[in-house]
Amino acid sequence: MTRQLTDRPPAVAQAAMATPRRPRWSGRARRDFFVFLALALPNLALIAVFTYLPLLNNIYYSTLDWTLGSASATVVGLGNYVTFFTSADAPNVLGTTAVFTVVTVGGSMVLGLLVALALNSKVRGTTFARSAVFAPYVLSGVGVGLVWLFIFDPGYGVLAWLLRGVGQQSPQWINNPQLSLAMVMIVYVWKNLGYCAVVYLAGLQSLPPDVMEAAALDGANGFRRFVNMSLPLLSPTTFFLLITTMLSSLQAFDLIRIMTPLGNGTSTLIYEAYLQAFGAFNRAGYSAAISVVLFAILLIITVLQLRFVERKVHYS
Amino acid sequence: MSTLSPVSPGPAGTVLSPAPDGAPGSGPESPPRRPAPFSRANLVQTIAGGYVPLILATLVVVLPLVWMLLSSFKQPGEIITMDLKLLPDTVNLENYKTAMTTVPFGQFFMNSLIVTAVGSSVKVILAILTAYALVFVRFPFKNAIFVLILVALMVPPQVSILPNYILIAGMGGKNTLWGIILPGLGTAFGTFLLRQHFRTLPGSILEAAEIDGAGHWRRLWQVVAPVSVPSIATVALVTVVSEWNDYIWPLIITDRPETMTLPVGLTLLQNSEGNGSGWGILMAGAVLVIVPILLVFAALQRYIVAGLTQGSVTG
């Protein structure tokens, strides 16, 4: 009893000390100020110089008519944007970006959900299968792209061999713009569906088991339970995946670059920006304008996500 | 009743007692919740519903990688053929030797190792320091700084390549390893992840150290870091994977083989071996860039998956 009484005051005193009663610039506060700077400044400075500054520079460069490597540039204001949006390339590039994004996002999410359902079954070996399915997501896009280029090779690829088996000729994946795009999208989905599967699996496993059991007892069959119960309950997961996969699809570069070096039919915004600046033309200002357009799209998606997630937090 | 039914879960028992609490095998209409483990229906269902999709999904992922490995051992004659040859005649390392002599592959490998090791170490240390400062050191604008880090997390590096190229090339960083490493060193992801973890640490462990007279530096490395090893490992592994695979930046900032990393070097190899006969050589190159990460992933995948799917659960 007495121990408790004597124990309490120091704790109270400590709590009072923690609140900012003391003068602002006591020795400790000043020391903490410099400790903070010493610890955090290198990282913050790097982020400022290589993440924030480029955003501003990009906007500035986008107003220039400027050949990469050239010492002189002329200010053209919004000229690069006008050139891009009125050029014959614009519908092509924007359309390719839209097709690539919609197909790869939809493909990896739908297939990812199906794989997640398979992984969620109570059989042996799901742990290994889960790792295996996720693995391509962490592998080099360049390596993966080369492996699949070989598989798609119209002469000596596995796919051509399989098609010959059923009496078909392999299409010329590389020469045909539409087929090039299809090929890259297939590989992109292959590489990314494991990510969706693992995230969906976590969602499935966090579904309230009592609710699912109740539905089962009500006589709902597996499919109906899935459509009426699991799918709506998974909607936060679906939304999260929709945003993250959309952002990464819009930034997809490695596979596109290695599988279609010339951008034949696969010029998405990011790839067009790369080709314009670092391909044959060295059009730095024009490329920067395309990058700004891409950034604006990504920003809109991110802001939408933030607003929506804000609401979702209360929901769950 | 329920004490009796587990003893004899035969169909007779269920007819007599349509148990509402989902007793074993309560009729064909409701879903079979726990049929006899070795009944034929259960077996068929397990195989068709459980194993077939599982094996199918695994094969779709694994087979292309197995094909890469097998092809890397094949002679050109075994690849340029209309009949598919599954297995190479011998485990032949000729393709690896050719890859090494056509382009300086050993050099690429070393460059990748250096870039990954230096880049990841610095990034992890910067992340630990910044996260510690954000959580445990008093500073006036901490929340504003954290918001700036969060926003940086969402800025795609792809849109910054041209300005960063101009900046780094202007500093003389073209075709140098530091030029490859430097722009990626600031880490928003690691800082964010570690800050979230540090905030969950109980304040009492630090108070004890503070009473012992330990300064921030000792508190960080002797108290906070040791109890945060799993989170730090997660950040480190995700960083290693992304540094090793990084492509667009090294591709732009290097155009001489001496400083190229593996993915960029593979592009060079593709240019010289890209038509038909070189597939075996290209597969050998792909093995060299893919297999190291595959091994790391196999050994430590728990951390990598947790780090890469961050945010999905916390929403």
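Naming convention: chains lettered A, B, ... in sequence-line order (proteins, then strands); numbering from 1 in each chain.
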Is the number of heavy atoms from other residues, nucleotides or ligands under 6.0 Å of B:R302 CZ greater than 12?
->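 No.
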Could you tell me which portion of [X] (side chain, backbone, both or neither) has an atom closer than 4.5 angstrom to a non-hydrogen atom of chain A?
X: B:P140; result: side chain
X: B:I55; result: neither
X: B:F136; result: neither
X: B:L134; result: both
X: B:V241; result: side chain
X: B:W244; result: neither
X: B:L182; result: both
X: B:V305; result: both
X: B:L262; result: neither
X: B:I252; result: side chain
X: B:Q158; result: both
X: B:L251; result: side chain
X: B:V296; result: neither

Could you walk me through whether A:Q251 and B:V159 pass the side-chain contact (heavy atoms from CB on, under 4.5 Å) check?
-> CA-CA 9 Å; A:Q251 297 174 60; B:V159 303; over 6 Å; no
Could you please spell out the steps behind the side-chain contact (heavy atoms from CB on, under 4.5 Å) verdict for B:K142 and A:F36?
-> CA-CA 10 Å; B:K142 277 205 304 203; A:F36 184 93; 3.8 Å; yes
Output every pair passing side-chain hydrogen bond (donor to acceptor under 3.5 Å, both in side chains) with a member in residues 38-54 of chain A, not counting sequence neighbours, ordered by first then second residue.
->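 Matches after skipping sequence neighbours: A:N43-B:T130, A:N43-B:T191.
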Do any N or O atoms from the side chain of [X] and from the backbone of [Y] form a donor-acceptor pair under 3.5 angstrom?
X: B:Q270; Y: A:I258; result: yes
X: A:W190; Y: B:V60; result: yes
X: B:N245; Y: A:G141; result: no

Reported CG-to-CG distance for the pair B:L269 and A:L146, which is rounded to 0.5 angstrom |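 Separation between the atoms: 8.0 Å.
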How many angstroms lie between CG in B:L162 and CH2 in A:W66, if you round to the nearest 0.5 Å?
->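 These two atoms lie 6.5 Å from each other.
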Who among B:S160, B:G184, B:A57, B:P183 has the most heavy-atom pairs with chain A under 4.5 Å?
->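 The option with the most such pairs is B:P183.
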Aromatic plane relationship, A:F253 with B:Y247 - under 30° parallel, 30 to 60° tilted, over 60° perpendicular |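 Aromatic pair B:Y247/A:F253 classed tilted.
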Which pair of heavy atoms, one from [X] and one from [Y], lies closest together, and at what distance?
X: B:A133; Y: A:A40; result: CB-CB, 4.2 Å
X: B:I290; Y: A:G143; result: CD1-C, 3.7 Å
X: B:S71; Y: A:F150; result: OG-CE2, 3.3 Å

Heavy-atom cut-off 4.5 Å, strictly under: side chain, backbone, both or neither for [X] against chain B?
X: A:A277; value: side chain
X: A:S131; value: both
X: A:I270; value: side chain
X: A:L247; value: neither
X: A:V133; value: both
X: A:I151; value: side chain
X: A:L55; value: side chain

Given the options A:L39, A:L46, A:I290, which has more heavy-atom pairs under 4.5 Å with chain B than any of the others?
->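 With the most close heavy-atom pairs to chain B, the winner is A:L39.
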Specify which of A:V198, A:V158, A:L294 makes the most heavy-atom pairs with chain B at under 4.5 Å.
->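 Of A:V198, A:V158, A:L294, A:V158 has the most heavy-atom pairs under 4.5 Å with chain B.
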Report the C-alpha distance between B:V137 and A:F33 in whole Å, list the side-chain angles of each, state the deciding distance to 0.1 Å, and finish with yes or no for side-chain contact (heavy atoms from CB on, under 4.5 Å).
-> CA-CA 8 Å; B:V137 184; A:F33 186 89; over 6 Å; no
Which is it for A:V147 and B:W67 under the side-chain contact (heavy atoms from CB on, under 4.5 Å) test, yes or no, and what are the steps along the way?
-> CA-CA 8 Å; A:V147 170; B:W67 189 241; 5.8 Å; no
